[in-house]
Protein chains: 2
Amino acid sequence: MPKISDAQRETRRQQILAAALRCFSRDGFHNTTTADIVRESGVSQGTLYLYFTTKEDMVVALADDRHQSEAFLNALAQSEQDPVRGLLTLIELHGRGLTEPRRLDARRVGVQGWAESLRSPRIHASVVGGMALVREAIGQLIQRGQRTGQIRPEVDPDGVARTLIATFQGLVLQVAWGEPVDLHACGRTMRDMIGALLTDAGKLTLAASPAFDPPAEPSLD
Amino acid sequence: MPKISDAQRETRRQQILAAALRCFSRDGFHNTTTADIVRESGVSQGTLYLYFTTKEDMVVALADDRHQSEAFLNALAQSEQDPVRGLLTLIELHGRGLTEPRRLDARRVGVQGWAESLRSPRIHASVVGGMALVREAIGQLIQRGQRTGQIRPEVDPDGVARTLIATFQGLVLQVAWGEPVDLHACGRTMRDMIGALLTDAGKLTLAASPAFDPPAEPSLD
DNA sequence: AATAAAACTGACGGGTCAGTCATTATAAAA
DNA sequence: TTTTATAATGACTGACCCGTCAGTTTTATT
């Protein structure tokens, strides 16, 4: 008979993770001490280790959280009828996420995780696995587009998917560095990237898509 | 009356930097101790601090080295007569660099530096400054292309430059992670990106360019 | 109210590491 | 050969930090 419910336990866990996220974002993973997380979260040193076996555990948990929310975006884009619209939607959704102030810490910690995954197998697995989900989502949209004749058959789905993801990764970097990225301009360039994949029939679809530069609500600002 | 010449001093410095690069690549910046660099370089603990005032100094020096070699690629591309050819050359040169085994350590440490620049103003300045050089090189090529009528006038030079750089940054990441990146496919996608910027007159230039998929020597393998 | 199982606490131990400095080595000059 | 200024050394130190554990608190159950 445990004293706290699963919900309470999960709340505590999130309380610690949120504090860790703020610390990692502010000071970096290696310059954050467990004492910092204790201060920021309000739980005791010992409690930290009731919920996570090691500091690295927290990074992995944060990465997994991030990938879970990305999976949601993928599902949203897959639900589009038109695969080309789906691609544009995916780009738009991720584009919006690039500058959401709410996710500033997540982006900064995400970049840290990219570096950490060079030396930690666990973080590497998490990061690469998360990327694979997005890559497959994009690849499937492209294959659907090729089946409908909207996307040129000689396009390599995986190569394009990797390149699109690479572009977003780079933009995340630049935004995290505080660079004055003009996301409108970058969005246009990425729309052009998609446009270059299309057959003549597909170009009609692209022209008709309201996913970019909608009149009421600019998409990539 | 110094006991060693400037050349000797520079050699020692490079000896230390080369060792630091190997250590940082293998274990990451924060998991590399000065003792590791001592072991790898063969100099003593004290000598380290005759050449660098702090461990961070070494990271900055490595970043500056990297940017210097990138500046060389920029100059090479700028020397092309045709600006569109120049863009393709720039992409090809950086594309080749993506997989050169000789630069494996530099790429891995570069990714570390991207994360470090989130918390160290000095590294931030170095990394962002290095990127600005490449961005200006690309921006100038695009502006030249617009003056010659090869590139559509409504294209935003800086936005495209940022997006192209972002794509390369993402590919560097993925390659550093050991992902099986098909650089041929990514190269085709990036060529399409450039193609989407061109006017109809410019497309002739692109079609005639041997920069990609040359018969004898594949460019992005 | 008494009990007991689970959650929580925080001081502390064992270990690590960046940077220093008193000493030694080296080589050019006298 | 002696002198002297610079280079190199490596043992040392003071600070720091992760993870633990013996003891305390909380709360469901009896």
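The sequence lines fix the lettering, A, B, ..., with proteins before strands; numbering per chain opens at 1. As a basis for the values below, the full set of heavy atoms in this structure was taken, side chains included, without hydrogen atoms, waters or symmetry mates.
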Inset, instruction - Considering just the side-chain nitrogens and oxygens of A:Arg12, establish if one lies under 4.0 Å of OP1 or OP2 belonging to C:dA7. - result: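 Answer is no, no contact under 4.0 Å.
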
Legend entry - Contact under 4.0 Å: B:Arg9 side-chain N or O vs D:dT6 OP1/OP2: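 So the side chain of B:Arg9 is outside the cut-off, no N or O lying under 4.0 Å from OP1 or OP2 of D:dT6.
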
Legend entry - A:Gly46 or A:Thr34, whichever maps to the more 5' nucleotide of DNA chain D: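 The 5'-side residue here is A:Thr34.
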
Inset, instruction - Return the 5'-most residue of the pair A:Thr47, B:Gly42 with respect to DNA chain D, ranking by each residue's nearest nucleotide. - result: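 Result: B:Gly42.
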
Rounded distance (Å) that lies between atom [atom2] of [N] and atom [atom1] of [X]:
X	N	atom1	atom2	answer
A:Asn31	D:dA15	CG	P	19 Å
A:Leu50	D:dC21	CG	P	13 Å
B:His30	D:dC16	NE2	P	17 Å
B:Gln15	D:dA8	CD	C1'	12 Å
A:Arg13	C:dA7	CZ	C1'	17 Å
A:Lys55	D:dC16	NZ	C1'	12 Å
A:Phe52	D:dC18	CZ	P	15 Å
B:Leu48	D:dA8	CG	P	12 Å

Inset, instruction - Examine distances only and state if a side-chain atom of A:His67 and a backbone atom of A:Ser126 form a donor-acceptor pair shorter than 3.5 Å. - result: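 Such a contact is found between A:His67 side chain and A:Ser126 backbone.
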
Inset, instruction - Scan A:Tyr51 against the nucleic acid and name what it touches under 4.0 Å (heavy atoms): base, sugar-phosphate only, or nothing. - result: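 It contacts sugar-phosphate atoms only.
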
Inset, instruction - Name the nucleic acid region contacted by A:Thr54, choosing base, sugar-phosphate or nothing; use a 4.0 angstrom heavy-atom cut-off, strictly under. - result: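 Contact class for A:Thr54: sugar-phosphate only.
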
Legend entry - Parallel, tilted or perpendicular, as decided by the 30° and 60° cut-offs, for the rings of A:Phe168 and A:His94: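 Rings of A:His94 and A:Phe168: tilted, as their planes differ by 30° to 60°.
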
Using the side-chain heavy atoms of [X], tell me which of these nucleotides is nearest: [options].
X	options	result
B:Tyr49	C:dG19, D:dC17, D:dT9	C:dG19
A:Gln45	D:dC18, C:dA18, D:dA8	D:dC18
A:Ser44	D:dA8, D:dG10, C:dT9	C:dT9

Legend entry - Basic-acidic side-chain contact under 4.0 Å: B:Arg26, B:Asp36: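 Looking at B:Arg26 and B:Asp36, the cut-off is not met.
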
Inset, instruction - Please confirm whether B:Arg9 makes a cation-pi placement over B:Tyr51, using NZ or CZ under 6.0 Å from the six-membered ring centre and within 45° of the ring normal. - result: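 The answer is yes, since B:Arg9 meets both limits relative to B:Tyr51.
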
Legend entry - Partner of A:Thr189 by side chain to side chain contact (heavy atoms under 4.5 Å, CB included), out of B:Leu164, B:Val160, B:Thr167: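 The side chain to side chain contact (heavy atoms under 4.5 Å, CB included) with A:Thr189 is passed solely by B:Val160 among B:Leu164, B:Val160, B:Thr167.
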
